[in-house]
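Notes follow the structure.
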Amino acid sequence: MISEADILVVGGGLGGVAAALAACRAGRSVVLTEETDWVGGQLTSQAVPPDEHPWVEQFGTTASYRRLREEIRRYYRHWYPLRAEALALTDLNPGAGRVSKLCHEPRVALAVLEGMLAPHRAAGRLTVLTEHRPVSAESDSDVLRAVTLEDLRDGTRRTLTARYVLDATETGELLHLAGVEHANGAESRAEFDEPHAPDTAQPLNQQGITVCFALSHHEGEDHTTDRPADFDFWRGYRPSFWPGPLLGFEAPDPRTLEPVPRTFVPNPEHDPLGVSADQSADAGDKELWGFRRILARKLHAPGAFDSDITLVNWPLNDYWLTPYIGQEAEALHGARQLSLSLLYWLQTEAPRANGGTGFPGLRIRPDVTGTADGLAKAAYVRESRRIKAVTTVTEHDVAIDIVGPYGGTRHRDSVGVGGYRIDLHPSTGGDNYVDIGSVPFEIPLGALVPRRVRNLLPAGKNIGTTHITNGCYRLHPVEWNVGEVAGALAAHCVAEDVEPHQVQSDDKRFGEFARLLDREGVQRHWPDVRGY
């Protein structure tokens, strides 16, 4: 079966959704595909609250990303029994988590994203194919002609063609299927002279993945799960660069690598209105329950909820024994077993602050993640294949130790902004955390333009960064920005009968596209702020 559209977006994560919305706003016909049954990627099927820079409430995102954030808050204000003090907050943090100023449940983000897509589906501009994954791609010289997808429910296949194809998959899968030049893992130091790159290229050295899950706690109840098949292995596993067993409350500080104890106290009695989420001042990861809390019971009317809900995406369940890209099934199995083993350890053996061991009242929440077993629908994938682009963003562009706190590369072709520390989790190459101060950065259009292929664009974590700079370009608002620009660029190229390379290289053509982005509320430059 052959289907045609102006633009095909393969991958329904944050970048894919933003791309589809931008192209639809421009009046183009779009097909959006997604491997799970939830759009939203990091924010929904992977169950990760947004990691964002400290200025996110004032500036530093696109207008559509700001709308997404405000609609999430509006959902809570409309449907949840919030205390009057919480209801009145313009900067409501529904979970009062410390990792983000907007910690929330994945289903709420899903509802908002579906609402944003709904009018375009109703108008017939947008077709959404969930539970579809790409299995092959057909190219003719420098043009991608067609993509074949498999329906995961019944195994049927369909081939789709489009003027432009956007790879918004979590792993840059289309780059591989279509034979598009790309990088994987760590580049050598010689390639870009990055101080933190290894001496030789390490394609299998990839950041670890995490299979997240949600927990509530009910003292006096027993919700202990079955002992996982690999529990004995994970219970005894002690990484060479770790201060103790992985299943334990002591772990390296990502920034200093010094051993630091973590605390775990379910349902603390403090008022969540007093929680501050500012990673430039405090990473917030030392108190595990509150780190990624996504529902704070004390923000609501008394008795509305008998427990907080916290999202488990901790040092204790990062999985790095097998590279995910290229060995997805094996890595996913290992990561799932690690997360289930962590849950069982918490329920049966974890030390309690007041003495004793185990928290049998911990209850995994399938209703939160939308799965039968309570684990997230998909692994949180931090690192993708990365396209060989016209412009490659390197450590020299963003590292604070290189450019200074007010530095950073200013790009002639900037199409967005972002900010985050260069944050690499332990990797499959045996590296500990690499967590480096960085500066607020710009996103060059050249990082979205392939060196060779003319009608394929990256729309997620697969842009022209390195293993190192992916650490600050991979987070939620930047992925959204990249996707939005990719969708807008594809639509612009269809309308003006030009190609991405021409828009990027020609000042006049880029100026026309930049004005379009300005009208859409895409912030392309930073005010005077310093890195951290």
Side-chain angles (χ1 to χ4, degrees), residues 14-15 42 48-56 59-62 65 99-101 170 172 183 185-187 192 194-197 205-208 254-255 278-281 283-285 313 318 380-384 386-387 389 391-411 414-427 431-444 446-448 458 460-483 485 523-526 529-532:
L14 282 177
Q42 294 189 63
V48 182
D51 288 282
E52 300 169 327
H53 58 71
W55 310 280
V56 67
F59 46 76
T61 72
T62 74
Y65 184 79
V99 73
S100 167
K101 299 177 189 295
E170 296 299 321
E187 293 88 351
F192 297 108
E194 292 182 301
H196 288 86
N205 189 356
Q206 304 162 16
Q207 286 194 69
R255 301 183 185 182
D278 182 353
Q279 291 199 48
S280 66
D285 62 344
N313 175 17
D318 278 1
Y380 177 30
V381 179
R382 296 179 174 87
E383 183 172 344
S384 173
R386 301 177 301 281
I387 198 161
T391 303
T392 301
V393 178
T394 75
E395 193 175 345
H396 296 278
D397 295 314
V398 294
I400 196 169
D401 288 343
I402 297 175
V403 302
Y406 297 103
T409 300
R410 304 295 185 259
H411 294 281
S414 176
V415 290
V417 296
Y420 206 75
R421 288 177 65 87
I422 299 174
D423 174 14
L424 278 70
H425 283 233
S427 72
D431 296 333
N432 203 335
Y433 291 98
V434 176
D435 194 306
I436 312 163
S438 68
V439 294
F441 53 79
E442 296 178 351
I443 305 168
L448 279 70
K461 296 185 289 290
N462 53 348
I463 64 171
T465 59
T466 65
H467 174 71
I468 301 296
T469 56
N470 164 74
C472 61
Y473 273 73
R474 66 179 172 81
L475 287 313
H476 302 64
V478 175
E479 182 184 344
W480 181 277
N481 191 324
V482 167
V485 170
Q523 182 180 337
R524 298 188 298 112
H525 304 286
W526 279 97
V529 292
R530 64 178 290 160
Y532 65 97

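Taking every heavy atom of both residues into account, P444 and V415 meet most closely at C-CG2, 4.2 Å. The heavy-atom pair separating V439 from G407 by the smallest distance is CG2-O, 3.9 Å. The shortest heavy-atom contact between Q523 and H525 is NE2-O, 2.9 Å. Considering every non-hydrogen atom in both S384 and G172, the closest pair reads OG-N, 3.0 Å. Taking each heavy atom of A447 and P458 in turn, the nearest pair found is O-CG, 4.2 Å.
T469 has its side chain out of reach of T392: every pair of non-hydrogen atoms, C-beta onward, lies at least 4.5 Å apart. Residues I387 and N462 are not in side-chain contact: their nearest non-hydrogen atoms beyond the backbone lie 4.5 Å or more apart. Side-chain contact check for N205 versus D431: some heavy-atom pair is nearer than 4.5 Å. In this structure, the side chains of V56 and P477 stay at 4.5 Å or more apart for every pair of heavy atoms. Within the 4.5 Å cutoff, no side-chain heavy atoms of K461 are placed close to those of V482. N481 is not listed as a side-chain neighbour of Y65, based on a closest heavy-atom distance of 4.5 Å or more. Proximity of V417 to P440: side-chain heavy atoms (C-beta onward) are nowhere separated by under 4.5 Å. Considering only heavy atoms from C-beta on, Y473 comes within 4.5 Å of I443 through its side chain.
Put simply, the residue from L475, V478, V398 that forms a side chain to side chain contact (heavy atoms under 4.5 Å, CB included) with Y420 is L475. Among the candidates I436, D435, I400, the single residue satisfying the side chain to side chain contact (heavy atoms under 4.5 Å, CB included) test with R421 is D435.
Rounded to the nearest 0.5 Å, atoms CD (E194) and CD1 (I422) are 8.0 Å apart. Within the model, atoms CD of E479 and CD of Q42 stand 5.0 Å from one another, a figure rounded to the nearest 0.5 Å. With values rounded to the nearest 0.5 angstrom, T466 atom OG1 is found 7.5 Å from E395 atom CD.
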* Take T394 and I468 through the side-chain contact (heavy atoms from CB on, under 4.5 Å) test and state the conclusion after the steps. => CA-CA 7 Å; T394 75; I468 301 296; over 6 Å; no

* To do: Report the C-alpha distance between N470 and Q207 in whole Å, list the side-chain angles of each, state the deciding distance to 0.1 Å, and finish with yes or no for side-chain contact (heavy atoms from CB on, under 4.5 Å).
  => CA-CA 10 Å; N470 164 74; Q207 286 194 69; 3.2 Å; yes

* Stepwise salt bridge (charged side-chain N to carboxylate O under 4.0 Å, His left out) check, E442 with R524 -> CA-CA 7 Å; E442 296 178 351; R524 298 188 298 112; over 6 Å; no

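With 3.5 Å as the limit, one finds a donor-acceptor pair spanning the side chains of T409 and D397. Side-chain contact annotation: E383 with H467, donor-acceptor N/O pair under 3.5 Å present.
Between W55 and H53, the ring planes lie tilted relative to each other; the angle falls in the 30° to 60° range.
With respect to R382 and D51, no salt bridge is recorded, no charged nitrogen being found less than 4.0 Å from a carboxylate O.
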